[in-house]
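Working notes for the structure below.
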Amino acid sequence: MNDSRHSITDRHARTGGWAALLAVLLPALVACGGGYDYPDTRKDDVSEELHGVTVEDPYRWLEDDQAPEVLEWVDAQNEVTFEHLRSLSGREAIRTRLLELQDHARQSAPFRFGEQWFVRANDGLQDQDVLYRIESPGEDPTGWEVLLDPNELSEDGTTSVGMTAFTEDGALLAYGLAEAGSDWREFHVMEVASGEKLDDHLRWIKFSGASWTHDNGGFFYSRYPEPDPDAAQGGINENQTVWYHALGTAQDADTVVYSNPEFPNRLVGAQVSDDGRYAVFTIQEGTDQRNGIHVLDLGRPASPSFDGEIVPVLDVLDASYGFLGNDGERFYFLTDNDAPRYRVVAINIRRPDPGNWLEIVPETGDTLLTARIVGDRFVLGYLDDAKSRLAVHTMDGAFERDVPLPGIGSVGQLSGTRKDDVLHFAFSSFLFPPSIYRYDLASGETEPHWAPEVPFDFDQFETNQVFFASEDGTQIPMFLTHRKDMTRDGDNPTLLYGYGGFNISLTPSFNPSNLVFLERGGVYAQVSLRGGGEYGESWHRAGMLENKQNVFDDFIGAAEFLIHDSVTQPARLAIAGGSNGGLLVGAVLNQRPELFGAALPAVGVMDMLRFHKFTIGWAWTSDYGSPDNPEMFEVLRAYSPYHNVAPSEDFPPTLVTTADHDDRVAPGHSFKYAARIQEVHGDGPNPVFIRIQKSAGHGGGMPVSMRVELEADRWAFVLHHLGVG
């Protein structure tokens, strides 16, 4: 559902019978009162008793996304949806403009392993980014050497690189390929000097990187048992195990290094320390940020041993601990233990009792989001009211200086090793395309390294941050981006975007597709809801479990603020969110449909009573709670989008989007939700469509060409139904 916030490299039953299939699905379209024809979706008499409550689930058959009748339903829904989208007069002009805005060079911060430098880049309209080997960070791109180009691996651009891991000296590269947006990865190995792909091929890997031992003899990785090919999206993912793969051997010869059979819902990953001496295992329950740390002493890096005992250094899973590096047995962690906004501590792994910890950088009023050791200094990324601040501290914790930033925005891609004297980082904002900067750690000087050229007049627009009171009086921050000459006449087309969960922070970010909306007079509003990580763990906990309604209240409060502040009006206000944000949109549509003029719930978690039964859904109980718990069942049932759709004359035009290969939030969530809103609102005046992308997943790795088509459809739908010509 979400990526680790402390990553420092970046942070069913099948309904059978052809007779039933022909009788139910092929009658095709049923005319509705609003003038929109939707496929006739069968309702089954399905219900179950949960904690003494009868719960009806008439569209459960749509969970089996591999069943022939469901595939027929998908095609029928897409036919109707795409017919409507193609009919929108502005759609082709939007698509053309999106291609123009997307057609600009992009590149990552340069990074180094050994004496070799690398960079990821895209010329603009390439479906996937290309990995290059370069001579130095300042080298002209015409001299770059292509190391790995996923655009050559599939005709439709749907093969993406989901993971890369170099050996310490840069001689070997392990990389993970994903097909059609799936979370599953297949690992391969390349010899960097020759570009030769070796015979190593590993499968059934999900939510895992690779970490090489310093003898270049192999790497640690995490994998699951082989999934059930007949289950929807492969079934439930449990029992993740750490393995060691010896270079040049078959996967069935790999060695189990760490397993937790008594805790099937635990996730575990391994990282080799920079000095090559230790394997550091991070253990957590699902997406709960609290984790444990276990350590295996590998002995001499040039000849590692796996015979030692794995020592539970931090075994309680009582807080978040992000491993940053070590000096011998002294390990550095980014943690929220006794510090809701995070701090840096040093722990001796032989004496890990909290009484022996040494605080290196104490908690401050800002949220410490990321940390990295570069040039024997701590480079710390803070959030100040959801805006980035970058600070440098010595290894003993003394503050050295803040790194100058171009303005209000977000810092990412901290790139540098402990041996480097230079840090590279990316900076971006709503009106600032991702640009690379070079920071000299000794002099404290920052200079631009690289910036893209986007065909857009940024000088005509501005971003401001505002605060408003939510239902309970909590002050919530929101960024507004719009033309400088915008008039507060209550009639500006506005899109409100939010997420609010899993400790994920929404900070200013650049999306070229949003520019299409801005130049048509739109206001883009991004709100930092509780449940995120903008103000640390207390902010997160204020929007999770039994407090989840706070997230919806915050979002509703943002909409009311935009209306009361004369930015917009309900008929001109659209809302959008994806994944947990799709749940957000679905919930507030049920609670306050009259506030909105259009809605875009994407890849959402819509059935809150069965989410834990698919793929990795069980991992989200840390944020949502489990429907198997009677008390949390009542909380979840109260806001579950699928179960709370009710008749309303105010239900706005809605375009649900999902993908057929989404093995994170199974597409059955959106299928069932779309069927339900079409049942309840299909006779109303506003369209309620579902767009199901073929050969795509939860969003990661989607080809640029496919993303442009999706964004053209979404913006055409929003602009048309908000009355923008």
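Only heavy atoms go into these numbers, but all of them, side chains included; no hydrogens, no water, no symmetry mates.
With respect to Asp183 and Arg664, a salt bridge is recorded, a charged nitrogen being found less than 4.0 Å from a carboxylate O. For Arg610 and Glu63, the salt-bridge test passes: some basic side-chain N is under 4.0 Å from an acidic carboxylate O. The existence of a salt bridge linking Glu546 and Arg541 is excluded, since no basic side-chain nitrogen approaches an acidic carboxylate oxygen closer than 4.0 Å. Between Asp607 and Lys672 there is a salt bridge, since at least one side-chain N of the basic residue sits less than 4.0 Å from a carboxylate O of the acidic one.
Not less than 6.0 angstrom separates the ring centroid of His201 from the ring centroid of Phe187. The six-membered or imidazole ring of Phe323 lies near that of Phe331, with a centre-to-centre distance under 6.0 Å.
Between Phe502 and Tyr499, the two ring planes are tilted [angle within 30° to 60°]. The aromatic rings of Trp61 and Trp73 lie perpendicular to each other, with more than 60° between the two planes, well past the 30° mark. Between Tyr221 and His245, the ring planes lie perpendicular to each other; the angle is over 60°, past the 30° to 60° tilted range.
The shortest side-chain heavy-atom distance between Ser640 and Arg637 does not fall under the 4.5 Å cut-off. Looking at heavy atoms from C-beta onward, Asn580 lies out of side-chain contact with Val605 at the 4.5 angstrom threshold.
With 3.5 Å as the limit, one finds a donor-acceptor pair spanning the side chains of Glu179 and Thr159. Looking only at atom types and distance, the side chain of Tyr278 has no donor-acceptor partner in the side chain of Asp297 under 3.5 Å away.
Applying the side chain to side chain donor-acceptor pair (under 3.5 Å) criterion to Ser208, with sequence neighbours excluded, gives no partner residue. Partners of Ser273 by side chain to side chain donor-acceptor pair (under 3.5 Å), not counting sequence neighbours, listed by chain and number: Asp275.
Of all heavy-atom pairs spanning Val665 and His698, the tightest one is CG2-CE1, 3.4 Å.
Between Leu636 atom CG and Glu631 atom CD the span is 12.0 Å, to the nearest 0.5 Å.
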Legend entry - Steps toward ring pair (Phe, Tyr, Trp, His ring centres under 6.0 Å) verdict (Phe306, Phe220): CA-CA 11 Å; Phe306 307 105; Phe220 297 97; 5.7 Å; yes
